[in-house]
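Order of appearance sets the numbers: ligands from 1, and atoms from 1 within every ligand.
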Amino acid sequence: MSTELEQRYRTLQQSIEQLAAQYGTPAPVLLAVSKKHPAESIRQLAELGHRQFGESYWQETEQKIAQLKDLDLEWHFIGPIQSNKTRPIAENMDWVHSVDRLKIAQRLNDQRPDALAPLNICLQVNLDGETSKSGAEIDQVGELAQAAAQLPKLQLRGLMCIPQRRADLSQQRETFAKLAQLQQQLIDNGLPLDTLSMGMSTDMEAAIAEGSTCLRIGTALFGERQKNVTNPS
Ligand SMILES: *Cc1c(COP(=O)(O)O)cnc(C)c1O
């Protein structure tokens, strides 16, 4: 089998490795962002040995998890989280990248089943100030991180950001460097963090250059997102 998806997957893995070598950093993990793409595409990638998938909308995620129960996948939630969705997220996901306030962290902790390993989380940081509404403010991240690190059913792994779109590589790098710096401060203050979740289809090179450990790639892998994929069949 050599589908278009398989070719894009192989090409993408190669570019990630080449860029990592070029910048002298370890190659980050590729998180395949499958939101608004059908479960069948996830299955195709899983057949090639890929396990890490990222989703943003709970309803859609729930359907896909049900359709793909037979596969051993690692599910990452990367979308905005409403309080009333924390329970199913805590019960079904392996990672959450988009924790931006203590209330959500506490609910995920309280609702994580004892039988499961702690839920891996990243704190989403707002690096663009007033132009973005999601993510914790930079000056609140220290306190939030210290509090989240105390929660026994969560494992705080690091920071995540979704910067404003910028065309220029050096501008993209500037923003990612800020996140890396913030992460280093937390590590210096005693938190054992190992994950910098940064870089998407259009700013992957900048993220790798600044030490991303997890690229969240949708479009460059699956193509343009579909408008309506949650077709219950
Ligand atoms: C959709 C999404 C992505 C993937 O974006 P692409 O530009 O399609 O690669 C990455 N991160 C988050 C949080 C997203 O919502």
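- Closest to atom 8 (O) of ligand 1, if we only count protein heavy atoms, is Thr219 OG1, 2.5 Å.
- Using a non-hydrogen distance threshold of 4.0 Å, Ala220 does not register as a contact of ligand 1.
- For Arg216, a nitrogen or oxygen atom sits less than 3.5 Å from a nitrogen or oxygen atom of ligand 1, counting backbone and side chain alike.
- Here the heavy atom of the protein found nearest to atom 5 (O) of ligand 1 is Met200 CE, 3.5 Å.
- Only the side chain of Ile162 comes within 4.0 Å of ligand 1, judged by heavy-atom distances.
- Every residue meeting the side-chain contact (heavy atoms from CB on, under 4.5 Å) condition with Lys153, not counting sequence neighbours, appears here in chain and number order: Asn109, Arg112, Asp114.
- Where the criterion is an N or O separation shorter than 3.5 Å, residue side chain and backbone included, Lys35 meets it with respect to ligand 1.
- Under 4.0 Å is where a charged nitrogen must lie from a carboxylate oxygen, and between Arg8 and Glu4 at least one such pair does.
- Screening His97, Arg157, His76, Gln155 for a side-chain hydrogen bond (donor to acceptor under 3.5 Å, both in side chains) with Asn120, the sole residue that qualifies is Arg157.
- From the protein, the heavy atom lying nearest to atom 9 (O) of ligand 1 is Ser201 OG, 2.5 Å.
- The two atoms that bring Cys161 and Val125 nearest to each other are CB-O, 3.8 Å, heavy atoms only.
- A donor-acceptor pair under 3.5 Å is absent between the side-chain atoms of Arg216 and the main chain of Val33, judged by distance alone.
- Short contacts between ligand 1 and Ile217, defined as distances under 4.0 Å to a heavy atom of the residue, involve ligand atoms 9 (O).
- Contacts of Ser56 with ligand 1, taken as heavy-atom pairs under 4.0 Å, involve the side chain alone.
- At a 3.5 angstrom cut-off on N or O pairs, Gly218 counts as close to ligand 1.
- For Gln183 (side chain) and Leu159 (main-chain N/O), a donor-acceptor pair under 3.5 Å exists by modelled atom type.
- Under the 4.0 Å criterion applied to side-chain N and carboxylate O atoms, Glu47 and Arg43 are not assigned as salt-bridge partners.
- In this structure, the side chain of Ser98 does not engage the main chain of Pro80 through any donor-acceptor pair within 3.5 Å.
- The shell of residues lying under 4.0 angstrom from ligand 1, judged by heavy atoms, includes Ile78.
- Taking a 4.0 Å cut-off on heavy atoms, Arg225 registers as neighbouring ligand 1.
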